[in-house]
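To start, the structure itself, in structure tokens.
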Amino acid sequence: MPIIPTFEEYLETLGRLTAHVDPTASTPHAVELKEAADSLEQISGVTLDSLTQWAHEHPGWVPALGLAVGLSQEKLKNSLKDKFGTSSWNLLAKDRPRQLIELLDQEFDLIRLVTVQRDKVYDFGDILVARAGTRATAVRAGASGRKVEDEIEAIAQDIGLACETRTRFVGRNNRDAPCDLVIPTGADAAIVVAAKGFDSTGSKLTDAVREIEEMADVRLPNQFVYAVIDGIGWKSRRRDLQRIHKLWENRQIDGMYTLATLDQFRADVEDAARIRRLL
């Protein structure tokens, strides 16, 4: 039986899932937004007619108008879909630009907000407030979680095992529990895996612990349960992470890994698959 590392030893293998992004670094998207903003500043007067003409001439820059009134691209798409039956601002700017601008003005005060913001002088505090209100961090957090899921799915597929992702599996007394990967199916689970990667901290980490505890509680004696956990967010939730490690110490789950120990995860999954005659 493999030796279970101490909690502190496990903690040392946690790493950052997402690279730090320099907020001052230029990107193609940032360059495009700057061009859109410069173009809007060149309009002699912000009116319904001038913005209609601007949108018609620059359909790809319509998201800049959304940002001017506080709409992310997703919220802009949802508003357009609700009003026009399409979320394509390019199509609307080319074919129905006036109706597009009228919607943004009537519902989000576009003309006034563009006028006010063009003339305002911004200081460092304004920049920080704007960054605090972005969704970039949330997007990166979602991506970090998927990184762990993608890694374990790739391992299962590389071994040649059938699997399902982000589903539930049936265990003791026909009870079920959530899992991020199950081999081969949720209805006939032999191996189940939780994949929980977080660089930020919050209630999702506690929810992740509860999911793994539920997996351990539902498992059948012949089902293997593993957890692949990574991200520096766990270092701020040591108590939650210790709860999972205790499940491992008590043999309620069969293994606990990070991205740094995926070689061991692969070996253990292969062994479990052979025991269950899946290989």
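Residue indices begin at 1 and follow the sequence shown. This one's a predicted model, so the numbers in the text were calculated from it and none came from an experiment.
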Just by distance, no angles: are the side chains of Thr47 and Ser50 close enough, under 3.5 Å, to form a donor-acceptor pair?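 Checked: Thr47/Ser50 side chains pair up, N/O donor to acceptor below 3.5 Å.
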Can you tell me if Trp61 and Ser39 form a side-chain donor-acceptor pair at under 3.5 Å?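 No.
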Counterpart residues, side-chain hydrogen bond (donor to acceptor under 3.5 Å, both in side chains), relative to Asp158 (two or more places apart):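 Residues passing side-chain hydrogen bond (donor to acceptor under 3.5 Å, both in side chains) with Asp158: Arg266.
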Path from [X] to [Y] over hydrophobic side-chain contacts below 4.5 Å:
{"X": "Leu91", "Y": "Leu71", "answer": "no"}
{"X": "Phe265", "Y": "Leu278", "answer": "yes"}
{"X": "Leu65", "Y": "Leu67", "answer": "no"}
{"X": "Leu279", "Y": "Val193", "answer": "yes"}
{"X": "Leu11", "Y": "Ile4", "answer": "yes"}

Looking only at atom types and distance, does a side-chain atom of [X] sit under 3.5 Å from a main-chain N or O of [Y], one as donor and one as acceptor?
{"X": "Glu164", "Y": "Val182", "value": "no"}
{"X": "His245", "Y": "Pro5", "value": "yes"}
{"X": "Asp230", "Y": "Gly197", "value": "no"}
{"X": "Glu9", "Y": "Thr6", "value": "yes"}
{"X": "Asp176", "Y": "Val170", "value": "no"}
{"X": "Arg166", "Y": "Cys179", "value": "no"}
{"X": "Gln223", "Y": "Leu220", "value": "yes"}
{"X": "Glu41", "Y": "Arg118", "value": "no"}

Drop me the distance from [X]'s [atom1] to [Y]'s [atom2], to the nearest 0.5 angstrom.
{"X": "Thr165", "Y": "Leu181", "atom1": "OG1", "atom2": "CG", "answer": "7.0 Å"}
{"X": "Arg238", "Y": "Phe7", "atom1": "CZ", "atom2": "CZ", "answer": "5.0 Å"}
{"X": "Leu262", "Y": "Thr13", "atom1": "CG", "atom2": "OG1", "answer": "10.0 Å"}
{"X": "Gln106", "Y": "Gln99", "atom1": "CD", "atom2": "CD", "answer": "10.0 Å"}
{"X": "Glu153", "Y": "Ile183", "atom1": "CD", "atom2": "CD1", "answer": "10.5 Å"}
{"X": "Arg276", "Y": "Asp271", "atom1": "CZ", "atom2": "CG", "answer": "14.5 Å"}

Assess whether a salt bridge exists between [X] and [Y], defined as any Lys/Arg side-chain N lying under 4.0 Å from an Asp/Glu carboxylate O.
{"X": "Lys147", "Y": "Asp150", "value": "no"}
{"X": "Arg210", "Y": "Asp207", "value": "yes"}
{"X": "Glu107", "Y": "Lys83", "value": "no"}
{"X": "Glu214", "Y": "Arg168", "value": "yes"}

Would you check if [X] and [Y] make a side-chain contact, meaning some heavy-atom pair closer than 4.5 Å?
{"X": "Leu100", "Y": "Thr52", "result": "no"}
{"X": "Phe108", "Y": "Leu113", "result": "no"}
{"X": "Asp109", "Y": "Val69", "result": "no"}
{"X": "Glu151", "Y": "Val228", "result": "no"}
{"X": "Lys196", "Y": "Trp234", "result": "yes"}
{"X": "Thr115", "Y": "Ile111", "result": "yes"}
{"X": "Val269", "Y": "Phe224", "result": "no"}
{"X": "Asp180", "Y": "Val192", "result": "no"}

Shortest non-hydrogen contact between [X] and [Y], atoms and distance:
{"X": "Leu76", "Y": "Pro63", "result": "CD2-CA, 3.9 Å"}
{"X": "Ala55", "Y": "Ala93", "result": "O-CB, 3.4 Å"}
{"X": "Val114", "Y": "Ala68", "result": "CG2-CB, 4.0 Å"}
{"X": "Phe84", "Y": "Leu103", "result": "CE1-CD2, 3.5 Å"}
{"X": "Pro178", "Y": "Met215", "result": "O-CG, 3.1 Å"}

Run Asp268 and Gln264 through side chain to side chain donor-acceptor pair (under 3.5 Å) and show every step you take. CA-CA 6 Å; Asp268 290 348; Gln264 186 61 52; 2.8 Å; yes
Apply side-chain contact (heavy atoms from CB on, under 4.5 Å) to Leu51 and Asp105, showing your working. CA-CA 10 Å; Leu51 289 180; Asp105 188 49; over 6 Å; no
Around atom [atom1] of [X], are there more than 12 heavy atoms from other residues, nucleotides or ligands closer than 6.0 Å?
{"X": "Asn174", "atom1": "CG", "answer": "no"}
{"X": "Asp263", "atom1": "CG", "answer": "no"}
{"X": "His58", "atom1": "NE2", "answer": "yes"}
{"X": "Lys235", "atom1": "NZ", "answer": "yes"}

Geometric class of the Trp248/Tyr257 ring pair [parallel <30°, tilted 30-60°, perpendicular >60°]: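 Geometry flag for Trp248 against Tyr257: tilted rings.
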If we check side chain to side chain contact (heavy atoms under 4.5 Å, CB included) with Leu247, which of these qualifies: Asp217, Ile253, Val225, Val209?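 So the option named by the test is Ile253.
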Can Phe169 and Val218 be said to form a side-chain contact (heavy atoms from CB on, under 4.5 Å), step by step? CA-CA 9 Å; Phe169 74 97; Val218 164; 4.2 Å; yes
If a pair satisfies side chain to side chain donor-acceptor pair (under 3.5 Å) and one of its residues is in residues 84-95, list it, with sequence neighbours excluded.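 Side chain to side chain donor-acceptor pair (under 3.5 Å) check on residues 84-95 returns no pairs.
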side-chain contact (heavy atoms from CB on, under 4.5 Å) assessment of Ile152 paired with Tyr226: CA-CA 11 Å; Ile152 64 171; Tyr226 301 114; over 6 Å; no
Arg219 vs Asp254, test: salt bridge (charged side-chain N to carboxylate O under 4.0 Å, His left out). Steps then yes/no. CA-CA 11 Å; Arg219 69 175 300 178; Asp254 299 288; 2.7 Å; yes
Applying side-chain contact (heavy atoms from CB on, under 4.5 Å), run through Ile244 and Ile229 and close with a yes or a no. CA-CA 10 Å; Ile244 304 173; Ile229 298 168; 3.4 Å; yes
